[in-house]
2 protein chains.
Amino acid sequence: MFEPPTLKDIATALGLSTSTVSRALRDTYEISAKTKKLVLEYAEKINYQPNPNALSLKERRSKSIGVVVSEVANHYFSQAINGIESIAYARGYHVIITQTHESYAREKINIQHLASRSVDGLLVSLSAETNDLHHLKELHDRGMPMVFFDRVPESIHTHKITANNEQGAFDATEHLIKSGCRKIAHLTSSAQLSISIERLRGYKAALNKHDIKVNPDYIKHCPHGGMFPEETEQAVLELLNLKDKPDAIFIAGDRLSIGCLEVLKKLDIKVPEEITLAGFSNSDVLNLFEYPLSSVRQPAFEMGKTATEMLLQLIESKYPVTEFEDRVIDTNLFIRD
Amino acid sequence: MFEPPTLKDIATALGLSTSTVSRALRDTYEISAKTKKLVLEYAEKINYQPNPNALSLKERRSKSIGVVVSEVANHYFSQAINGIESIAYARGYHVIITQTHESYAREKINIQHLASRSVDGLLVSLSAETNDLHHLKELHDRGMPMVFFDRVPESIHTHKITANNEQGAFDATEHLIKSGCRKIAHLTSSAQLSISIERLRGYKAALNKHDIKVNPDYIKHCPHGGMFPEETEQAVLELLNLKDKPDAIFIAGDRLSIGCLEVLKKLDIKVPEEITLAGFSNSDVLNLFEYPLSSVRQPAFEMGKTATEMLLQLIESKYPVTEFEDRVIDTNLFIRD
DNA sequence: TAAATTTGTGCAATCGTTCCCGACGACATT
DNA sequence: AATGTCGTCGGGAACGATTGCACAAATTTA
């Protein structure tokens, strides 16, 4: 069995009390240099590490933060996680990552898990299915520090950090228009998600600016964010089977883009000859794709960093924070073909 | 501040002792039905959750396992993690994921982190840089249950689970040979990694079987597994600049494949006209690539599941386990073009 | 009716750590 | 010689939950 050494082990081995050993290790002034040296050397020798559970119990904090994302396989999130870890580790915090796979049930369980696991704070990006915010609201009301990023809720009052989704969507859509497209469809995630709302707004704004009427038939929502391939496939097929077939699609997410490309490939539809594409994606292999896909790239790493800094500020604040920030970071449009 | 309710809160609110409350919640026989109901209802109402740190301290286990992989952005690992989580969650364990980014220093820190964090066991895939196994050996000797997967060490005696790398490499190489290639190069990760060794062996075996001489100039190692694009680029360029230029490359990893494709694209080298490719990859977007890449796919999800089952068996075993298993799972070759 | 048994509950120790408080020797001060 | 100060160190409570043991009240038995 794995039994790490404890303070008591050091104390009995050295004929001291646990309090003295504790103080020696924490370099308190009231311990003699000789004793300190003795203790430190022995502790080093047996590779003593304080028991984090005992510490958490005593200090009432765990020096760890919980992260809730839909999927680590998503490039946006894996990059954001790298940003989160870079800050968290530097400040002495552990990071516990959980995935919702866009499921509301899974999100609830994970949040519950993390809260009971006594993390000091939460970094959350909502799942595509999430409508009800009760589980988060209650926890927030009870004082759990949390910061939302990417997919943020309207009604929970805390720090939020998002990409400039509206501007990004506007840029992508306008790029399609400037490429000569007029019948631009929009394939997006579930309707209640903040990113969906904002991207839809940017899409409409671009159309409006260029005097193109918004066609409701051109807007397709995938309630599970493309988690199920059939969902994406059906949406794309519906677009392609319209009488007035679109000549471009603006796609609101990574997984949706891939799903869409797969359908187009299966039907052997030429891109960009028959249809032009643009979409949100943080994938680093888009350049290698057979079909060109102009992409709006979010500063994921930076967003992860910023969100973590905000969360640690909440966690370490001595007084309840009442002023919350809504940070918006610009996106970049990468044009392909 | 976030102060979850404790047993004592319930006890004082109900005029009982903490022991009675504890027993009521754990449904012990010696508590009257009336009291039980009272306690359960109140606990439900205030959403009581036992403090996991107090429990871990008492039980001397945390019901959590640590995972060490090189990168969650790697499709193989993200799929493996899904497999790990599926088992762990079902058995009531938390999963703490850490990334090495192929760095030995990072691996040491993460292992140290997880050990001090008192996880009950470790699921490890070695980093490309790792040569020295001291940090793992010492922990293992001190009784920390661990299971290795994918990249496994020779000298630590515990459960290991790998894909049939040799057979997979053999299949891929033989496929290249059957496609008419004779001058087959091999682009791979750092030389000491188990997967590199086994895949190299399979590569050589296929060449031998078909009476093709192994050309040492055709074998290129990337010590950081393609973590740095320059590394991959240089290796590929060296291959392309050989007097006797190879007509195919068998690539031993996901990131290397992508790096290689990027170089070929930059140089505008036609695939498969000028050079044919095959490689290990669990990416689900290879079909969409401009350049066809036949791929050896590992059963990542299944490997994650199996590794976790093995680890939990070690953790929950009453007696020290001395019989260890070396599970090898078959790969699948997906041919493109 | 008194003794024995059952039933329900509380006390206290434990896990590993920190920290308040007090102890005790050595030395200086009055 | 008595008191004060300082430098070092130990005792013990606390954090939250579990659990063996003790013990009172309620019930059954003799």
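By convention in this document, chain letters (A, B, ...) are assigned in the order of the sequence lines, proteins followed by strands, and residues within each chain are numbered from 1. Computed from a prediction, not measured in an experiment: that's the story for all the values here. Keep in mind that the numbers below use all heavy atoms, side chains included, and drop hydrogens, waters and symmetry copies.
Considering only residues two or more places apart in sequence or on other chains, H224(B) meets the ring pair (Phe, Tyr, Trp, His ring centres under 6.0 Å) condition with F228(B).
Atom CD of E30(A) and atom P of dG22(C) are 14 Å apart (whole Å). Separating the CD1 atom of I31(A) from the P atom of dT18(C) is a distance of 13 Å, rounded to the nearest angstrom.
Between T35(B) and dT9(C), a side-chain N or O to OP1/OP2 separation shorter than 4.0 Å is present. For the OP1/OP2 pair of dT17(C) and a distance below 4.0 Å, the side-chain nitrogens and oxygens of S22(A) include no atom meeting the criterion.
Within 6.0 Å of NZ in K36(B) there are more than 12 heavy atoms belonging to other residues, nucleotides or ligands. Within a 6.0 Å sphere centred on CD of E30(A), other residues, nucleotides and ligands contribute more than 12 heavy atoms.
DNA chain D is contacted by L57(A), K58(A), R60(A) of residues 43-62 of chain A, taking any non-hydrogen atom closer than 4.0 Å. DNA chain D lies under 4.0 Å from at least one heavy atom of each of the following residues of residues 4-18 of chain B: T6(B), L7(B), K8(B).
For the pair R23(A) and S32(B), nearest-nucleotide mapping onto DNA chain C gives the more 5' position to S32(B).
We find that K45(B) and E41(B) are not joined by a salt bridge, their nearest charged nitrogen and carboxylate oxygen being 4.0 Å or further apart.
Ring planes of F324(B) and H157(B): perpendicular class, angle over 60° (limits at 30 and 60°).
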